[in-house]
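Encoded as structure tokens, the structure appears first; notes follow it.
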Protein chains: 2
Amino acid sequence: MHQGRSTNSHRHPGGGPRTTRPEDGRRNNLSLVLQSLYDEPQLSRADLARRTGLTRVTISDLVAELIADALVAETGTTAGSRPGKPATMLSVRADTRDIVALDLSAPRLLTGGVYSLRGDQRHAAQRDLGTATGEDAYAAVADLAAQLIAAADNPVLGVGVGTPGTVDRQGSVIAAPNLAWHNLALQQRLATQLDLPVHVENDANAAVLAERAFAAGPDNLIRVQISRGVGAGLLIAGSVVTGTSAAAGEIGHVVIDYAGTPCPCGKNGCLETWLSVPSLRERMAADPDRADEALAEAGRRLGIALSPVVGMLDLNDIVLGGPADLVDGPLLAAAQEVVTDRTHSDFRGEVRLRLSSLGSDAVLLGAVALVRRIQLGVS
Amino acid sequence: MHQGRSTNSHRHPGGGPRTTRPEDGRRNNLSLVLQSLYDEPQLSRADLARRTGLTRVTISDLVAELIADALVAETGTTAGSRPGKPATMLSVRADTRDIVALDLSAPRLLTGGVYSLRGDQRHAAQRDLGTATGEDAYAAVADLAAQLIAAADNPVLGVGVGTPGTVDRQGSVIAAPNLAWHNLALQQRLATQLDLPVHVENDANAAVLAERAFAAGPDNLIRVQISRGVGAGLLIAGSVVTGTSAAAGEIGHVVIDYAGTPCPCGKNGCLETWLSVPSLRERMAADPDRADEALAEAGRRLGIALSPVVGMLDLNDIVLGGPADLVDGPLLAAAQEVVTDRTHSDFRGEVRLRLSSLGSDAVLLGAVALVRRIQLGVS
DNA sequence: GCATGTTTGTTAGTAAACCTTACGAACATT
DNA sequence: AATGTTCGTAAGGTTTACTAACAAACATGC
């Protein structure tokens, strides 16, 4: 019953005023127990009571519900080296639910997978989009989702979608130029068609969620993706920053240099004119002997764009995603150097930049994290 | 009983795992009713039920508690132009509680006041600090607070403090150089000494809360204060951004130009070297004929520092605080121009910079907003 | 060996919070 | 005057988490 949030989501369609009913408190406490067991497996009911502040009686009741839902299992008792009755250990069962994840961010290609609650991939599938856009692209997405749902071995907790473009709180794609989508109610349509909970998020936002959920990222984190363009996902206090117009993270069109190259967006000297994969490859091919210098120059520009943000938000971790042969070398080193020089202060820790360890699965894993977080309250 | 959050705060000392008990849900719903009445006075119980999704029965119960606490009053019935029984209108009573606010941000001076729940000042008091620091400064703060509490005409809901320096979640001042405070448990000591709820926040963070609560500011907002130094408070999705080391908003030490003037912080070309009040006055006095150009130059630098942040966070509102003769003119215009040029995009609204309408009371009103928000859940 | 103390998890009963159902009061309309 | 609508309240039920008490299972001390 824990995942039955449909009534609740229905009550809060627009993130408006939030009432709390007894059942909402119950769900919160169920999530809390589950989160505690994710953070530290092999806890007893008494341990959970001590950590959460709830009584052992209440914990027993909550755990019983989780066991009935097959989300938690008893895993033996402690070897008795202490006085008192041995404790029965509890652990999360990650193998009783599946999550279907879709990544729409690649050009001309849909990627999808079936994942366990821990982010292990069970099945994978792709679909060539060709030049399909608009309604045809939607049909392909829905079809791929249905195929993956059919392939799942366990009950599907929900479907997560990471898409390029701007996404509002209802999961509608406001604008995604590559797919020619405008105000497409992706979440609602998929949920109706698939009869499952569906959650849609911008690809960069999904990716930063993945860094936190599956790569031990902290609560304050920026993840920059270097692909055809440059985009970022921001996590502040564990929450994704969406911004006033759902356009947060648009670091690609931050102006670095008034006198820089014109950008299709109309401004001059946007970060993207230095840092996108096509522009980098072009510069490296044009002068192979100075390829490293081109990468370092791009890294410095990235550092210049990031430093004010890092300084203002006081965050210490930046993760870069993109082709490792481009990102993990002079580019990363130069960006790190600039950011360190410009943000160093006695009042705060050092800022670390690193390459993402999630490879090309970041968006898919982010979709998994999104579903897990909303359906189970676990992040 | 609504303000009796002491037990609750005691349960959550470090913002750790949050359990939900029935009483927590009740408090949430009481806050929701109160917030609705703040947003729109003259609502009936039935109106509240429709807006919150709670039943009329529950709303009646909640309202009865608020009336018993003298936080809400019935204010007549609707003129009957509709069928059905006329509705009894409800409104917030802002005159039954006082809030004591303290501003420690001015050099050598403590400012304080007694305020209504709506932010109307009832009493004011100041205290000259002279060169007092450390324990002497604390004693003066506690003394001023006690004096204001004694002057209050209504029960005091709590004491809010806006202080320079970094403040952690427990209200301890980690470091405030001007006052020579290090790890001073300000909130805890004042609460014990005054026997009232006390809430401490960084001055810039308090000020941005005030813009939202008392100057109709939006949920995403940056407020930049130009004084001896330059600091900012950030509001994202209605929450204050504190950062990993409680050092968010340090825009004064964002590096604008590597080759710039050395800054006491050790870096070169920090924003503060152009934009602080002392440095501005100095430049204007040095060449009075080009005073406007000095202001415009500072404004451009501010725009350069703000643009990446605004672009990344996708926020549309920036409020400037500081001496109007410096801020409200060429400086503001130049900053507006740079920010507009660098952040304009089809995907988002225009960014507006404006001078704060709160004058020198911003921090005090922020302390009021802080107490009101934590004690009553109203913002 | 056996009593004692400790820790775990459960049972029984209670208080709080919100819900559904039902009803009287007060109004406009027919 | 009868009917329908809206408002607020009353009564009773369900859910949730609490306190108190207890049995089970262990280590320790005599």
Side-chain angles (χ1 to χ4, degrees), chain A residues 1-2 4 7-8 11 17-33 37 42-68 72-90, chain B residues 1-2 4 7-8 11 17-33 37 42-68 72-90:
Chain A
M1 294 297 138
H2 190 201
T7 55
N8 197 18
R11 274 180 54 231
R18 302 219 154 193
T19 67
T20 303
R21 296 188 299 189
E23 68 210 56
D24 299 325
R26 175 80 166 185
R27 186 189 318 283
N28 185 352
N29 289 339
L30 283 167
S31 297
L32 185 58
V33 168
L37 284 172
Q42 299 293 99
L43 292 174
S44 70
R45 291 173 175 84
D47 291 333
L48 287 167
R50 279 185 289 266
R51 266 156 227 249
T52 59
L54 298 165
T55 48
R56 291 203 305 277
V57 180
T58 303
I59 291 292
S60 274
D61 194 43
L62 294 169
V63 166
E65 184 169 339
L66 292 172
I67 289 179
V72 165
E74 298 188 339
T75 54
T77 57
T78 44
S81 69
R82 299 175 312 176
K85 175 178 173 179
T88 29
M89 290 314 185
L90 302 168
Chain B
M1 293 298 140
H2 190 200
T7 54
N8 197 18
R11 273 181 56 231
R18 304 217 153 193
T19 66
T20 304
R21 296 189 297 187
E23 68 210 55
D24 299 325
R26 176 78 165 186
R27 184 187 322 282
N28 186 351
N29 289 340
L30 283 168
S31 297
L32 185 59
V33 169
L37 284 172
Q42 298 294 99
L43 291 174
S44 70
R45 291 173 175 83
D47 291 332
L48 287 167
R50 279 185 289 266
R51 268 156 225 249
T52 60
L54 296 166
T55 54
R56 290 204 306 276
V57 179
T58 302
I59 291 291
S60 273
D61 193 44
L62 294 168
V63 166
E65 183 169 340
L66 292 172
I67 290 179
V72 166
E74 297 188 340
T75 53
T77 57
T78 45
S81 70
R82 301 173 312 173
K85 175 179 174 178
T88 17
M89 291 312 184
L90 302 168

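Each chain gets a letter, A, B and so on, in the order the sequences are listed, and its residues count up from 1.
A 4.5 Å side-chain heavy-atom check between A/Leu30 and A/Leu62 finds at least one atom pair inside the cut-off.
Each of B/Asp47 and A/Pro83 lies near DNA chain D, and the nucleotide nearest B/Asp47 is the one positioned closer to the 5' end.
The phosphate of C/dG9 (OP1 or OP2) has a side-chain N or O of A/Ser44 nearer than 4.0 angstrom.
Interatomic distance, A/Ser60 OG to A/Leu54 CG, rounded to the nearest 0.5 Å: 11.5 Å. To the nearest 0.5 Å, the span separating OG1 on A/Thr19 from CG on B/Leu32 amounts to 7.0 Å.
Distance B/Met89 CE to D/dG8 P: 8 Å, rounded to the nearest Å. For the pair A/Leu32 CG and D/dT16 P, the interatomic distance rounds to 16 Å; values are reported in whole Å. If you take CG of B/Leu62 and C1' of C/dC18, they are 9 Å apart, rounded to a whole angstrom. Between A/Lys85 atom NZ and D/dA24 atom P there is a gap of 9 Å when expressed in whole angstrom units. Between the CG atom of B/Leu54 and the P atom of D/dG8 there is a distance of 15 Å, given to the nearest Å. When rounded to the nearest whole Å, the span between CG of A/Asn28 and C1' of D/dT15 equals 16 Å. Between the CG atom of A/Leu48 and the P atom of D/dA17 there is a distance of 14 Å, rounded to whole Å. D/dT16 atom C1' lies 12 Å from atom CZ of B/Arg21, rounded to whole Å.
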Please write out each protein N/O paired with an N/O of nucleotides 10-17 of chain C under 3.5 Å, distance rounded to 0.1 Å.
| residue | atom | partner | partner atom | Å |
| --- | --- | --- | --- | --- |
| C/dT10 | OP2 | A/Ser60 | OG | 2.3 |

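A donor-acceptor pair is defined here as one N or O able to donate and one able to accept, closer than 3.5 Å; no such pair exists between the side chain of B/Thr20 and the backbone of A/Asn29. Put simply, the side chain of A/Asn28 never gets that close to the backbone of A/Gly25: no donor and acceptor are under 3.5 Å apart.
For the residue pair A/Thr58 and A/Asp61, no side-chain donor N or O sits within less than 3.5 Å of a side-chain acceptor on the partner.
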